[in-house]
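All ligand and atom numbering here is 1-based and tracks the order in the structure.
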Amino acid sequence: MVTENTAKRSVLLIVTGSIAATKVPELIRLLKDKAMDVTAVLTEAGGYFISPLTLASLTGKRVYSELFSIDEETEMGHIQLSRKSDLIVVAPATANTIAKMAQGISDDLASTILLATDKPVLVVPAMNVRMWEHPATQRNVQTLRKDGVVFVGPSKGALACGEEGHGRMVEPSEIVDEIQRFYDFKKLGRPLQGKKALVTSGPTVEAIDPVRYIANRSSGKQGHAIAAALKALGADVTLVSGPTALPDPVGVKMVKVESAREMLDACYKALPVDMAVCAAAVSDWRSSNLSEQKIKKPAKKSMKPEDMLTFTFMENPDILECLGKHGDKRPQLVVGFAAETENVVKNAKAKMQRKGCDWILANDVSGGSVFGSEDTEIHYITVDGEEHWPLMSKRDVAFTLASRMSDYFSIDPKLRKNNVTKLLL
Ligand code: C5P
């Protein structure tokens, strides 16, 4: 991770009414450990779970809670509060606060600040699972995501109300990681402004008949995170993705596809681009005898080989290879992934050459743990050598890769290619 030697990083922390407010002291302590300046705003409901005195003692500052207080307004008005910090963090954020934010309601100090701000907003939900899953809350979350609000969590587990499911506020350390990531991106600025990027993500789905298909377990987390990271660094991003359960990253051009061939078509349509990252888990095979009708079960049960249902498969196009070996429209930088179960680095290097890509990010999937998980360990391989990135979140992998890519484009084109790694290390 990039570390920052900053004189002043200031976070406005809005605490709303949830039992998870009891984790706020730890959050403030962790932020202070990173030399961040924290100002707290407490809603009326939040005040039932944590006292203003606790927040004032931990932040070392006055706590704000009243919209119509002569005292508070003269010292620091709600407009000033909404603009003074680098970032606003709402933690914990209740369903009520999220609903007010989505609707633009400003009936107390916290919601007025959130409406008046021109700063990035990070929301950390905490609520009962039914409240989180309610279509109204999900609608509000979607609206806010489209507005550019970043959500962290909620996580799944036992809830204070005794039920189980999504609704737990994520741990303070995860909130701090997300805040740190915000500052890492902020420090880099928008070095990829004016550059075009293509990213593939998710699985592909290959039909067998009109209702059945073969697919794989890719969640799309890595590819989506890379698209979001490149976008945050200023690139104009097209994300071509197979079906996933993830929200579309804000501000990217999203192209949703199913099969490998559709994915390849969409990639070709996106060319020319300056850089391409193939993070999709493309199915290597598709049915060679796609049935136009739903395949029926046999009328009578039989174990005879001649009565078995047999499929034959033919090879799909290799999208990474098609881009890596593209004649006139080859992106300047083509990056692939390699999921290997043995000889990770050796196999990944061979794959890099075979597919004509510049860099490859290899991970060891022998334990089967990478698909769908949050964390991964990477071997970053270029023509010049190899570097090990220790276990980190897929979002940190995305940030690290995106910052390497922006380093690459900052180098004089004549010096790029084979020399790029030497210059970066
Ligand atoms: O050969 P393998 O599937 O291990 O290669 C992985 C890399 O190749 C990934 O970057 C993946 O996105 C890409 N790939 C592709 N099209 C395929 C198969 C893999 O783009 N048909």
Side-chain angles (χ1 to χ4, degrees), residues 197-207 213-227 229-230 237-244 246 255-271 273 275-288 313-326 329-331 333-366 368 370-372 376 378-383 386 389 394 397-398 401-402 404-405:
L198 166 66
V199 181
T200 70
S201 184
T204 64
V205 165
E206 311 293 336
Y213 58 79
I214 53 165
N216 59 66
R217 294 182 196 281
S218 169
S219 65
K221 279 180 187 161
Q222 187 64 83
H224 278 54
I226 291 166
L230 292 171
V237 182
T238 300
L239 175 59
V240 180
S241 178
T244 75
L246 300 173
V255 186
K256 295 188 180 177
V257 296
E258 298 228 315
S259 69
R261 284 179 300 169
E262 283 170 15
M263 187 172 270
L264 180 64
D265 279 353
C267 287
Y268 278 159
K269 281 203 185 97
L271 297 179
V273 294
M275 64 203 93
V277 182
C278 291
V282 184
S283 173
D284 290 326
W285 309 95
R286 67 174 183 276
S287 171
S288 56
F313 291 98
M314 60 196 288
E315 224 176 307
N316 262 333
D318 191 304
I319 297 163
L320 176 59
E321 190 169 346
C322 291
L323 295 173
K325 295 182 177 169
H326 200 287
K329 288 189 183 158
R330 185 192 191 274
L333 183 60
V334 178
V335 183
F337 273 77
E340 300 292 340
T341 52
E342 57 178 348
N343 300 324
V344 178
V345 174
K346 190 167 161 256
N347 287 347
K349 278 185 179 159
K351 191 167 288 177
M352 190 167 95
Q353 280 184 354
R354 200 168 61 244
K355 301 198 183 201
C357 61
D358 303 298
W359 301 352
I360 210 149
L361 272 60
N363 39 33
D364 184 346
V365 292
S366 49
V370 170
F371 288 101
T376 181
I378 293 283
H379 297 271
Y380 163 69
I381 299 164
T382 70
V383 280
E386 186 236 333
W389 297 352
K394 288 182 178 175
V397 168
L401 174 63
R404 291 302 170 96
M405 293 173 75

Walk me through it: do V397 and L361 pass the test side-chain contact (heavy atoms from CB on, under 4.5 Å)? CA-CA 10 Å; V397 168; L361 272 60; 4.1 Å; yes

Any chance you could lay out the salt bridge (charged side-chain N to carboxylate O under 4.0 Å, His left out) test for R330 and D358, step after step, and finish with the verdict? CA-CA 11 Å; R330 185 192 191 274; D358 303 298; 3.2 Å; yes

Give a yes or no on whether the backbone of K394 and the side-chain of T376 come within a donor-acceptor separation of less than 3.5 Å. no

pair M314-R286: side-chain heavy atoms closer than 4.5 Å: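 Answer yes - side chains close enough.
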
Within a strict 4.5 Å, meaning less than it, do heavy atoms of the D318 and V282 side chains meet?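 A side-chain contact is absent here, since even the closest heavy-atom pair is not under 4.5 Å.
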
Please state whether the rings of H326 and Y268 are parallel, tilted or perpendicular, taking 30° and 60° as the class boundaries.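 Answer is perpendicular, since the angle exceeds 60°.
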
Would you mind listing each N/O atom of ligand 1 next to any protein N/O under 3.5 Å, plus the distance?
{"from": "ligand 1", "atom 1": "1 (O)", "to": "K355", "atom 2": "NZ", "distance (Å)": "2.8"}
{"from": "ligand 1", "atom 1": "4 (O)", "to": "K351", "atom 2": "NZ", "distance (Å)": "2.4"}
{"from": "ligand 1", "atom 1": "5 (O)", "to": "K355", "atom 2": "NZ", "distance (Å)": "2.8"}
{"from": "ligand 1", "atom 1": "8 (O)", "to": "K355", "atom 2": "NZ", "distance (Å)": "3.0"}
{"from": "ligand 1", "atom 1": "10 (O)", "to": "C278", "atom 2": "O", "distance (Å)": "2.6"}
{"from": "ligand 1", "atom 1": "10 (O)", "to": "F337", "atom 2": "N", "distance (Å)": "2.7"}
{"from": "ligand 1", "atom 1": "10 (O)", "to": "F337", "atom 2": "O", "distance (Å)": "3.3"}
{"from": "ligand 1", "atom 1": "12 (O)", "to": "C278", "atom 2": "O", "distance (Å)": "3.2"}
{"from": "ligand 1", "atom 1": "12 (O)", "to": "A280", "atom 2": "O", "distance (Å)": "2.6"}
{"from": "ligand 1", "atom 1": "16 (N)", "to": "I319", "atom 2": "N", "distance (Å)": "3.0"}
{"from": "ligand 1", "atom 1": "20 (O)", "to": "I319", "atom 2": "N", "distance (Å)": "3.4"}
{"from": "ligand 1", "atom 1": "20 (O)", "to": "L320", "atom 2": "N", "distance (Å)": "2.8"}
{"from": "ligand 1", "atom 1": "21 (N)", "to": "P317", "atom 2": "O", "distance (Å)": "2.9"}

